[in-house]
There are 2 protein chains.
Amino acid sequence: MTASETLTASLEDYMEAIFHIIAEKHAVKPRDIARRLKVSYASVTGALRSLADKKMINYTPYDLITLTETGEAAAKDVVRRHEVLKDFFVEVLGVRDADADNAACRMEHSIPKVLVDRFVKFVEFVETCPRGGDKWIKGFMYQCDNKGPQENCEKCISTCLDEVRGHMRRGGAKTMETSKLKDLKPGQKCKVLKVRGRSEANRRVLEMGVTPGSVIELERVAPLGDPIDIKVKGYHLSLRKDEAEGIDVEII
Amino acid sequence: MTASETLTASLEDYMEAIFHIIAEKHAVKPRDIARRLKVSYASVTGALRSLADKKMINYTPYDLITLTETGEAAAKDVVRRHEVLKDFFVEVLGVRDADADNAACRMEHSIPKVLVDRFVKFVEFVETCPRGGDKWIKGFMYQCDNKGPQENCEKCISTCLDEVRGHMRRGGAKTMETSKLKDLKPGQKCKVLKVRGRSEANRRVLEMGVTPGSVIELERVAPLGDPIDIKVKGYHLSLRKDEAEGIDVEII
DNA sequence: CATTATAATTAGTCTTGCCTAAGTATTTAC
DNA sequence: GTAAATACTTAGGCAAGACTAATTATAATG
Ligand SMILES: [Mn+2]
Ligand SMILES: [Mn+2]
Ligand SMILES: [Mn+2]
Ligand SMILES: [Mn+2]
């Protein structure tokens, strides 16, 4: 029982780095990790040994590095915390991408689970609530740039009035134009309306958090439309064509 | 030049503890710090030496501990980061007080200045913007409790309509009932409308961040109405009666 | 294939920050 | 005013996590 089951902030960063390198290069060597984290080779070797002790990676000297089952889960969890924080900083607080990324990677290690979930829900809420949304965040940005209470408050409110009226005329949040997930372009966001079918594929999709009401963002589509990379509740997810087929969405 | 000018997370926590103990007991002894941070006496002694090296505290063995000029500034800065984060977690995300406090005290050490400022502005925005505010946050809480998109969306929107109409009828954000700061009850929040006069006292107040548009919360009033403790932009501030006199506010 | 260049590991050092145990100072109690 | 209790410091140890320097393994090159 020499190994503890929780990772330190430093080791989490190593896991994160390994995860990302695997995602883009398939093979991981100490060199890549050292470059990415800006530490010496010696430090990497030390960290790798420590991670191997904790059963997070498969590591024998001079060999390729892979993640274990538990290691992959741990890495994904760190990445998620990073993404969730960054998302909030960029989408809601309007912080510059690089700053957000930096801050997220430092704060990701100390944020508890309850808060991660709240952040996810909050971003989702801001993006879907007819009282919040795009215009509302713009109002906040305006206030940030001009320090002091916003001058365009009236304009903002009348816009809100129009939008809210339109929303109610359409019958609340119930009726809206539905699209297929595959019709989205990379970068676009949508709200899930329905996940049709009850196949094994659909079950997996639902388990992953693609449930009615959740907001997902299309990250990229492979040349032939398969697979489709999306982000949902801070998780990256790769869907096969048939899995994406049965998902009805509303483009935001 | 044996001492560095930046504090580690651990030392920041010691500074925070010292600051709070001073605020409530006037004198600081290692015992108090050890109890508060749940560390051994030996650890406290070590930290105190380190902080003295860095010119943050005045410390000689067996003597009372006080903050230096720079130490007080550093301590206030940590406390502010803590408060700002906690405020957001409680007021906007609706996290339980103890959880929020815990998370804040772990994350406070890694949040950069730009983000702290953004958090302050965002909470202020949510609390003052007629499109945001109380009802809007309640909508979020509802969504949190019931996981899934909110059912009371229509009700929320019609409330919004009413509020926004009322707001416009009153002539936008311009005209509203003004009160004096001293009329507030502890716990109440208000938005600063005007800081009258240009005396030395007023200058100090403005410098501290009590500027038109900012949101302040009354923490407590001493028996004779002097001094008045308030919280503004994450800072705690103690105002004398004459300083509070010239501040016009709108109760939120 | 031998040589050189690069990558990786090992060995050893340093700092931070915690601990326990032991010794010293101060306070409290009688 | 001495004895006992409590508070505080010192000494020494340990783990994490970085580093440099030296050594060894692998890859590249002619
Ligand atoms: Mn990260
Ligand atoms: Mn990180
Ligand atoms: Mn704190
Ligand atoms: Mn802290």
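Sequence lines set the chain letters: A, B, ... in the order given, protein chains first and strands last, and positions in each chain run from 1.
- Counting to the nearest Å, the C1' atom of C:dA7 and the CD1 atom of A:Ile65 are 12 Å from each other.
- A:Ser238 places no side-chain N or O within donor-acceptor distance of the main-chain N or O of A:Asp229, the cut-off being under 3.5 Å.
- Here the straight-line distance linking atom CG of A:Leu93 with atom CG of A:Leu85 works out to 10.5 Å at 0.5 Å rounding.
- Within residues 102-112 of chain B, no residue has a heavy atom under 4.0 Å from DNA chain C.
- Applying the side-chain hydrogen bond (donor to acceptor under 3.5 Å, both in side chains) criterion to A:Glu12, with sequence neighbours excluded, gives A:Arg81, A:His109.
- Considering CG of B:Leu237 and CD1 of B:Ile216, their distance stands at 8.5 Å, rounded to 0.5 Å.
- For residues 19-36 of chain B, proximity to DNA chain D is found at B:Lys29, B:Pro30, B:Arg31, defined as any non-hydrogen atom under 4.0 angstrom from a strand atom.
- If you take CG of A:Asp53 and P of D:dG17, they are 12 Å apart, rounded to a whole angstrom.
- The structure places CD1 of A:Ile22 at 11.0 Å from NE2 of A:His20, a figure rounded to the nearest 0.5 Å.
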_Run the side-chain hydrogen bond (donor to acceptor under 3.5 Å, both in side chains) test on A:Thr8 and A:Ser10 for me, step by step, so that the C-alpha distance in whole Å, both residues' side-chain angles and the decisive distance to 0.1 Å come before the verdict._
CA-CA 5 Å; A:Thr8 62; A:Ser10 172; 4.9 Å; no
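- B:Lys86 is linked by a side-chain hydrogen bond (donor to acceptor under 3.5 Å, both in side chains) to B:Asp97, B:Asp101, counting only residues two or more places apart in sequence or in another chain.
- The CD1 atom of B:Ile65 sits 9.5 Å away from the NZ atom of B:Lys29 when rounded to the nearest 0.5 Å.
- Using a 4.0 Å cut-off, no side-chain N or O of B:Arg49 falls inside it from OP1 or OP2 of D:dT9.
- Going from atom NE2 of A:His236 over to atom NZ of A:Lys231 covers 5.5 Å, rounded to the nearest 0.5 Å.
- When rounded to the nearest whole Å, the span between CG of A:Leu48 and P of D:dA18 equals 12 Å.
- B:Arg106 pairs by the side-chain hydrogen bond (donor to acceptor under 3.5 Å, both in side chains) definition with nothing, not counting sequence neighbours.
- Straight-line distance from the CG atom of A:Leu64 to the P atom of D:dA25: 18 Å, rounded to whole Å.
- Aromatic rings of B:Phe89 and B:Phe119 (six-membered ring for Trp) have centroids beyond the 6.0 Å cut-off, not under it.
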Short N/O separations, protein against nucleotides 15-21 of chain C, under 3.5 angstrom:
| unit_1 | atom_1 | unit_2 | atom_2 | d |
| --- | --- | --- | --- | --- |
| C:dG17 | OP1 | B:Thr8 | OG1 | 2.3 |
| C:dC18 | OP1 | B:Ser10 | OG | 3.3 |
| C:dC18 | OP2 | B:Ser10 | OG | 3.3 |
| C:dC18 | OP2 | B:Tyr14 | OH | 3.3 |
| C:dC19 | OP2 | B:Ser40 | N | 3.1 |
| C:dC19 | OP2 | B:Ser40 | OG | 3.2 |
| C:dC19 | OP2 | B:Ser43 | OG | 2.6 |

